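Worksheet for the structure shown next.
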Amino acid sequence: MLSRLKRDLTMADVARGPGGSRIDLLVVSTMVEPGSRVLDVGCGDGELLQLLETDKQIDGRGVEISQRGVNECVARGLSVIQGDADTDLGFYPDKGFDYAILSQTLQATWDPKTVLGHLVRIGKRAVVSFPNFGVWHVRLKLLVGGKMPVTDALDQSWYETPNVHLCTIDDFVDLCRVLNIEIEYAQVLDAAGRPKSLRAPGFFANLLGEQGLFVLKRAR
Amino acid sequence: MLDDLTDAERKALAQCRHAILGVDRPLRLDCGADLGPYRVAYQTYGMLNDAKSNAVLVCHPLTCDQFVADRHPVTGKEGWWESLIGPGKILDPERYFIICINVLGHCMGTTGPQAREPSTGQPWNLRFPVVTIGDMVRAQAALLDHLGIPDLFCVIGGSMGGMQVLEWAASYPKRVFSAVPIACAAHHSAQNIAFHEVGRQAIMADPDWRGGRYLLDGTNPRRGLAVARMGAHITYLSDAALHRKFGRKYQDRATPTFSFDADFQVESYLRHQGSSFVERFDANSYLYLTRAMDYFDLAADCGGVLANAFKDTPTRFCVISFTSDWLFPTPDSRATVHALNAGGARVSFAEIVTDKGHDAFLLDEPELFAIVRGFLDGAGKARGLNAAQPREAR
C-alpha cells in the first residue's frame with residue numbers, strides 16, 4: 001500500500017522552467033530584488049546563486065559544506081566558502097547582506113534556532129525553504145506504516161539521513177514567534193516546486209504543502 | 001653593483017632578467033632604513049597583452065625562487081611550480097603574462113645580505129636592514145612600475161608567497177584583480193616563530209657562521225644551514241606522509257648498526273635535504289627571510305582588526321588550505337576568510353583533503369588544480385580576459 005503512495009517524481013527531475021532552471025529556485029528568485037547582496041547558506045553546486053547572478057544581477061556569496069559543491073561553485077566563477085552553517089554564520093557582520101537564503105538546508109543543521117537567528121541578523125531579509133514534515137502523505141505513512149517516512153523529498157532512512165531536525169510548517173511558524181521573527185511572506189510549494197494557491201501559513205498549507213517558503217525579517 | 005656576485009647569483013642573473021631600482025628614490029623599509037639602489041631579479045613567461053590586463057604575479061615561498069617554470073640555474077632541477085605553470089597548464093603563458101620576482105633579502109639575484117653595501121663595497125652581512133613581507137611587496141610593486149604594468153590580473157602564492165599575496169591585496173587593492181593565497185596565514189604563529197628560531201640558532205651555532213661575516217672569512221656555515229633546513233623540512237610534511245614514504249625502513253641495510261649513522265631512510269632523506277639545500281641557499285638570507293615571516297602580522301598594521309586590512313576591497317579572493325598542514329593549519333585560513341567576509345570581500349575558500357602536509361601546494365594535487373582553474377576562469381570572464389589575445393611576440 002505504501003509503495004502506491006510513492007510519488008513518481010524525485011528531486012532530480014524537479015520541474016524546470018523555460019530557462020532550464022529548477023522551478024523551486026525560480027520561485028526563490030522571485031523573492032529577491034535585482035542588484036541586491038545575497039548570501040546563500042548551503043548553496044550546493046551553486047545553481048541558485050548562478051541563477052540570481054544571471055537573472056537578478058546580484059552580488060552573491062555562498063557557504064557550502066561539501067568540498068565537491070565548493071569546487072563546482074568556484075569553477076562556475078561563484079564566490080563560495082567551504083563552511084558549516086552551524087559554526088560559521090557567527091562570523092558574518094549584522095545586515096551585511098540584503099538577503100540571507102537558506103534553501104532546503106534548515107532541517108540538516110544541528111541548531112536550527114541559532115541558524116535562523118543568524119539569518120535574520122546577517123540579512124536584512126531571510127528567505128528560508130524546507131520540506132514540510134506535516135504534509136498529509138508523510139503523516140499517513142507514519143500513522144499507517146508506523147515507520148519513519150521515506151519520501152522523494154526525504155529519500156533516506158532515519159539512520160543515514162542528514163536531516164536531523166525535520167519540522168512542519170506550523171512548527172516553523174512557532175519558532176519564528178519564539179525568535180521574534182516577522183513573517184513577511186509565506187508560500188507553500190508542490191512536489192515539483194510550483195507554488196500552490198493556499199493561504200499560508202494555515203491548516204491547509206501545513207496539510208497539503210510539500211515545501212514551505214518564507215521571507216522573514218527581524219521584528220522591530 | 002653587478003660586480004662581486006656570488007656564484008649562485010651569477011648563474012641566476014645569466015638566466016633571468018633584472019632591474020636596478022631605487023636609484024633616485026630609495027625604498028623606505030619598515031625598519032626605517034632607506035635601501036637604494038637595489039637589484040630585483042625576476043623571471044617572466046608569456047607576453048603582456050595590449051590591454052595590459054593579463055599579468056599574473058607568482059609569489060615564491062621561502063626556499064624557492066623566481067625559476068618557477070624553467071630549469072634551475074644552480075640545481076638543474078625543473079621549475080618548482082611546473083605542475084601549475086606552462087603550455088596547456090592552468091597558468092598558460094599563451095594566455096597570461098606570468099612574472100615571478102626573487103624577494104628582497106633572498107640570494108638568487110635580488111639584493112640581500114650577501115650584496116655589496118654601496119658605502120663600503122663589502123658584503124652587507126648582518127648590517128643589511130631587516131626586511132619585512134611588506135618591504136618585499138613594495139619592491140615588487142616598484143618593479144611593476146618600472147615595467148609599466150599598472151595592475152595584476154592575479155597574485156598567487158603559497159606559504160611565504162601566500163603572505164605576500166595577502167600583503168599585496170591589503171596594500172594595493174586597486175592593483176590586484178584577484179588573489180589566491182594558499183597554505184598561509186595573515187600572521188605568523190608562535191609555534192612557527194619558534195621553529196624559525198631553532199633554524200636560526202642552528203646557523204648561528206655553526207662556528208663557520210663567524211657572526212654573519214663568513215663571506216669575508218671565506219667560510220660557509222653549511223652544517224648550521226643544513227640542520228635548519230632539516231628541521232624546517234619536517235614541518236613542511238606530515239606524520240602520515242613521512243610514514244607512507246619511509247615508515248621505519250632502514251637505509252641500505254637490513255639491521256641497525258648500533259651507531260649514529262643514518263640507519264633509517266628518513267634520516268638519510270633529511271640529511272640529503274639539508275646538504276643539497278646549502279648548495280643553493282645563503283645562510284644569512286635564511287635568517288632574514290625567516291625573520292620577515294616572523295614579523296608578518298597584517299592585523300597589527302590595522303589596529304588589531306584583520307577585517308580592516310580588506311575593508312571594501314574590490315579584489316576577488318580564493319583562499320586554499322590543506323587538511324594535514326600543521327604549519328599553516330586550516331583555522332589560520334578560516335580566520336583570513338572570516339576577516340575578508342567581514343570586510344565585504346568577494347571570497348571563495350576550500351580546504352583540500354590531503355595527507356601531504358604543508359608542501360601539498362607544491363605537489364600534484366588535482367583538487368588544488370581544479371579549484372585554481374575554476375577560480376581563474378571565473379575571474380578571467382569578469383576581467384574580459386577571454387577576449388584579449390596575447391600580443392604578437394616581439
Side-chain angles (χ1 to χ4, degrees), chain A residues 35-47 49-54 57-101 118-119 121-124, chain B residues 90 177-180 182 305-308 310-323 330-331 333-354 365-386:
Chain A
S36 50
R37 276 175 60 81
V38 176
L39 177 69
D40 185 1
V41 180
C43 61
D45 64 4
E47 186 170 358
L49 272 177
Q50 191 156 54
L51 176 71
L52 290 169
E53 289 201 347
T54 311
Q57 294 78 46
I58 60 138
D59 181 11
R61 308 279 191 277
V63 179
E64 169 58 29
I65 199 163
S66 77
Q67 184 178 322
R68 196 169 146 200
V70 173
N71 291 359
E72 284 179 35
C73 290
V74 175
R76 287 176 186 232
L78 301 168
S79 299
V80 172
I81 288 166
Q82 189 167 27
D84 186 340
D86 276 306
T87 53
D88 289 0
L89 293 182
F91 294 100
Y92 286 81
D94 291 3
K95 294 192 170 26
F97 292 89
D98 297 308
Y99 299 92
I101 299 179
H118 278 311
L119 283 182
R121 177 185 65 76
I122 295 165
K124 290 172 190 157
Chain B
I90 293 166
F177 187 79
S178 67
V180 187
I182 305 170
V305 181
L306 185 57
N308 290 346
F310 305 114
K311 191 144 179 50
D312 302 323
T313 175
T315 305
R316 298 159 167 259
F317 291 83
C318 182
V319 179
I320 300 171
S321 72
F322 301 99
T323 48
T330 292
S333 289
R334 279 199 192 281
T336 304
V337 169
H338 292 148
L340 287 166
N341 265 333
R346 185 178 272 277
V347 53
S348 290
F349 166 65
E351 179 187 30
I352 292 169
V353 179
T354 173
E365 201 58 72
E367 287 287 352
L368 171 69
F369 301 151
I371 287 168
V372 173
R373 186 187 290 278
F375 175 75
L376 288 180
D377 283 351
K381 269 182 213 142
R383 175 90 161 176
L385 257 193
N386 293 336

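Worth saying up front: this structure is predicted, and the values here are computed from it rather than measured.
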Check whether any side-chain N or O of [X] sits under 3.5 Å from a backbone N or O of [Y] as a donor-acceptor pair, and report yes or no.
{"X": "S79(A)", "Y": "R316(B)", "answer": "no"}
{"X": "Q82(A)", "Y": "E351(B)", "answer": "yes"}
{"X": "S348(B)", "Y": "I81(A)", "answer": "no"}
{"X": "R334(B)", "Y": "D88(A)", "answer": "no"}

Identify which part of [X] has an atom lying under 4.5 Å from any heavy atom of chain A, answering side chain, backbone, both or neither.
{"X": "R346(B)", "answer": "both"}
{"X": "A350(B)", "answer": "both"}
{"X": "A382(B)", "answer": "neither"}
{"X": "V372(B)", "answer": "neither"}

Can you list the residues of residues 89-101 of chain A that sit under 4.5 Å from chain B, counting heavy atoms only?
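Within residues 89-101 of chain A, the residues that come under 4.5 Å of chain B (heavy atoms only) are F91(A), Y92(A), P93(A).
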Are any of the side-chain nitrogens in D377(B) or R76(A) under 4.0 Å away from the carboxylate oxygens of its partner?
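No, this pair does not count.
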Any side-chain donor-acceptor pair under 3.5 Å between E367(B) and Q67(A)?
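The criterion, which ignores hydrogens and geometry beyond distance, is satisfied for Q67(A) and E367(B).
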For [X], is it the side chain, the backbone, both, or neither that has a heavy atom closer than 4.5 Å to a heavy atom of chain B?
{"X": "R37(A)", "value": "side chain"}
{"X": "L39(A)", "value": "neither"}
{"X": "V70(A)", "value": "side chain"}

